[in-house]
Amino acid sequence: MLDTALRIEPAAGCGADVRDIDLARLTPAEAGQLRQALFDHGVLFFRDQTLTPEQHIALAEQIAPIDVNRFFPAAPGYPTIAKVEKTAEQATNIGGGWHTDHSYDVAPALGSVLVARDLPPSGGDTLFADMYAAYVTLDAETKAQISGLRAVHGSDHVFGEKGVYATTDQPELAKGGVETPETVHPVVIKHPGSGKPVLYVNPSFTLRFEGQTREESLPLLMKLYAHAMSMDRVHTLVWQPGMVAIWDNRATWHFAKNDYHGHYRLMHRITLAGCELEAA
Ligand code: SIN
């Protein structure tokens, strides 16, 4: 019998709300329950939390070792906490397109722990898409078409010296010298925590199918993306002060809406280390 009373309730579209839990004082039993819930639901939402940066780090370490993001600036004094920040003067935000963090790595990040620090008066929601459900609801013909396929992922077109961010008002995110070699993952992975099949391609970092050109890959990639974006499998997280989200990068996509121009938004993100991915 577990010595915890936390409640996990499925949320609309994707993920689950977790109640009756204090993330600043997580017991080992609760940490185990949260890890399992994360693998089962893909993303967990928490309200009314009071995490200091130190408690944020301790929470992350109770779930998995930390994998420091090499592109984002760190919060002052906390090298393992990435600042996801947009000032009132900036036009571009971080994460403003469907993606999953670090799919360009050989061992992609397990997940991320995002804490709301300073929110705009309205807007700045984060969308989460359920990639377990995206796979399960594919038609049989498409499932057969992607069975055994592998896809190439990369980051240079986003974060490289000539990448997307280099052309925006956040050129500091486009870092020369940290270019990442392309990497290959199965298109349908066996989730390392749940054992369930997951559709593992994403619009931001997947470049093409292995053995095909980008042009040859695009029709099927676009079909998969359109399917995965279906709003009945998407949750819109409307942030409130004190909210925290923990997501599994293998089981979900996310998208940070950029609809609060003229206002400041600051989130603190810790990325959790993952493992190499196997085909389902
Ligand atoms: C991200 O990690 O992609 C940003 C999420 C957010 O700011 O809501």
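Keep in mind it's a predicted model, so treat the numbers as computed, not measured. Every number for a ligand or one of its atoms is a count from 1 in the order of the listing.
- Under the 3.5 Å distance criterion, with hydrogens and angles disregarded, no donor-acceptor pair is assigned to the side chains of Asp105 and His153.
- For Thr126, a nitrogen or oxygen atom sits less than 3.5 Å from a nitrogen or oxygen atom of ligand 1, counting backbone and side chain alike.
- Distances between N or O atoms of His254 and those of ligand 1 include at least one value under 3.5 Å.
- The ligand atoms of ligand 1 that sit less than 4.0 angstrom from a heavy atom of Gly95 are 3 (O).
- Note: Trp98 and Phe255 have perpendicular aromatic rings, judged against thresholds of 30 and 60 degrees for the angle between ring planes.
- The part of Leu114 lying near ligand 1 is the side chain, judged by heavy-atom distances below 4.0 Å.
- When heavy-atom distances to ligand 1 are checked against a 4.0 Å cut-off, Phe255 has no atom that comes that close, whether in backbone or side chain.
- If you look at Trp253 and Phe128, their ring centroids are not closer than 6.0 Å.
- For ligand 1, the atoms closer than 4.0 angstrom to any heavy atom of Ala256 are 5 (C), 6 (C), 7 (O), 8 (O).
- Against a heavy-atom cut-off of under 4.0 Å, His99 is close to the following atoms of ligand 1: 3 (O).
- Not a single heavy atom of Phe128 sits under 4.0 Å from any atom of ligand 1.
- Remark: distances from the non-hydrogen atoms of Lys257 to ligand 1 are all 4.0 Å or more.
- Side-chain atoms of His261 and Lys86 include a donor-acceptor pair closer than 3.5 Å.
- With no hydrogens or angles considered, a side-chain donor-acceptor pair links His99 and His254 at under 3.5 Å.
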Please determine whether side chain to side chain donor-acceptor pair (under 3.5 Å) holds for the pair Asn202 and Ser204, giving the CA-CA distance in whole Å, both sets of side-chain angles, and the decisive distance to 0.1 Å. CA-CA 6 Å; Asn202 70 86; Ser204 295; 4.6 Å; no

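- Arg269 NH1, 2.8 Å is the protein heavy atom nearest to atom 2 (O) of ligand 1.
- Tyr135 has its ring centre no less than 6.0 Å from the ring centre of Tyr200.
- A distance-only check finds a donor-acceptor pair linking the side chain of Gln49 to the backbone of Arg47 [under 3.5 Å].
- Across Arg265, Lys86, Met267, heavy-atom proximity to atom 7 (O) of ligand 1 is greatest for Arg265.
- Taking every non-hydrogen atom of Trp247 and a distance limit under 4.0 Å, the qualifying atoms of ligand 1 come out as 2 (O).
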